[in-house]
Amino acid sequence: MNEDENVFLYLVSYIIKRHQKSVYLFDSVKNCSEWDYVVKLWSPLIEELFDGANNLRAKWGDTVVEPANEDGTANLKIDVRVILDKVLQMRNVEYDVSSGEFSKYNPGNLKYQADRCKVMIEGRSIINQFSCHGVNIYNIPILQICGSELYMLEVSLVALGLYVGNKRNSFSLVNAWKNFEILSELVKNLLKFRNECMEIGDLLKDI
């Protein structure tokens, strides 16, 4: 099997195992916190997704983009950033290629909209970061996760100074394990997300 097939099988088995071992994470009646979902469900999945993915890694825990963005978005604290590490002049420099925000299940409209705006702004900042390095990229995939609900989004530069945010797909892990077709489609979309991040990272390798 190739690497994608190995990761596919791992993620499918991981999601099924979580349903068997951590049933409460998928029960809307249980009062699970945001970090219950991050620590017990999503972080192992995302770490496996990017394990060995061409110098990309997930950076967790309300970190900010460095260096500061000229548009004032440097103070946005992001739950998880997908970054490319490069050594320049004997120091490590982090380049963002994607990001994600987490909340508990059914977080309320205010939190939901705030997180959606935050990841959209971060996507725009990543496009601008690339532009500052002379690299033209027009689409950035990003994630918004609410409990066991996954929203796969993108920010696109459609004209000079005009950015558009769209939802590509959404998945619920609540019933995915009961339907292999849905589970398979979910994992395939996660792999597509990873591969897009790898392609974006490749554009920065010659900077």
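Residue numbers count from 1 along this sequence.
- Asn189 places none of its side-chain heavy atoms less than 4.5 Å from the side chain of Leu150.
- A 4.5 Å side-chain heavy-atom check between Leu153 and Asn166 finds every atom pair outside the cut-off.
- With Asp36 contributing its side chain and Cys32 its backbone, the two residues share no donor-acceptor pair below 3.5 Å.
- In this structure the side chain of Tyr95 reaches within 4.5 angstrom of the side chain of Gln129, judged on heavy atoms.
- With a 4.5 Å cut-off on side-chain heavy atoms, Arg18 and Phe26 count as touching.
- Closest non-hydrogen pair, Ile140 versus Gly123, comes out as CG1-O, 3.9 Å.
- When each of Glu154, Met152, Arg168, Met120 is tested with Ile142 by the rule side chain to side chain contact (heavy atoms under 4.5 Å, CB included), just one qualifies, namely Met120.
- Contact check for Asn169 versus Leu186: no side-chain heavy atoms found under the 4.5 Å cut-off.
- The environment of Leu162 atom CG is dense: over 12 non-hydrogen atoms of other residues, nucleotides or ligands sit within 6.0 angstrom.
- Put simply, the side chain of Glu94 never gets that close to the backbone of Lys86: no donor and acceptor are under 3.5 Å apart.
- In this structure, Lys118 and Ile78 have side chains that are in contact, with non-hydrogen atoms separated by less than 4.5 Å.
- Evaluation of the salt bridge (Lys or Arg N to Asp or Glu O under 4.0 Å) rule for Lys111 yields Asp115 as partners, not counting sequence neighbours.
- For His19 (side chain) and Leu25 (main-chain N/O), no donor-acceptor pair under 3.5 Å exists by modelled atom type.
- In this structure the side chain of Ser22 reaches within 4.5 angstrom of the side chain of Tyr24, judged on heavy atoms.
- The main-chain N or O of Val158 is never found under 3.5 Å from a side-chain atom of Ser156 such that the two would form a donor-acceptor pair.
- Residues Ser103 and Tyr37 have side chains not in contact (no heavy-atom distance under 4.5 Å, counting atoms from C-beta outward).
- Using a distance-only test at 3.5 Å, with no hydrogens or angles considered, a donor-acceptor pair links the side chain of Ser125 to the main chain of Ile121.
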### Task
Starting from the C-alpha separation in whole Å, work towards a yes-or-no answer on salt bridge (Lys or Arg N to Asp or Glu O under 4.0 Å) for Lys104 and Glu34.
CA-CA 4 Å; Lys104 65 180 183 179; Glu34 174 182 327; over 6 Å; no

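- Side-chain N or O atoms of Ser98 include none that pairs as donor or acceptor with a backbone N or O of Val82 at under 3.5 Å.
- Crowding of Glu181 atom CD: a count of heavy atoms from other residues, nucleotides or ligands under 6.0 Å not exceeding 12.
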### Task
Please step through side chain to side chain donor-acceptor pair (under 3.5 Å) for the pair Trp42 and Glu47, ending with a clear verdict.
CA-CA 8 Å; Trp42 290 105; Glu47 286 295 322; over 6 Å; no

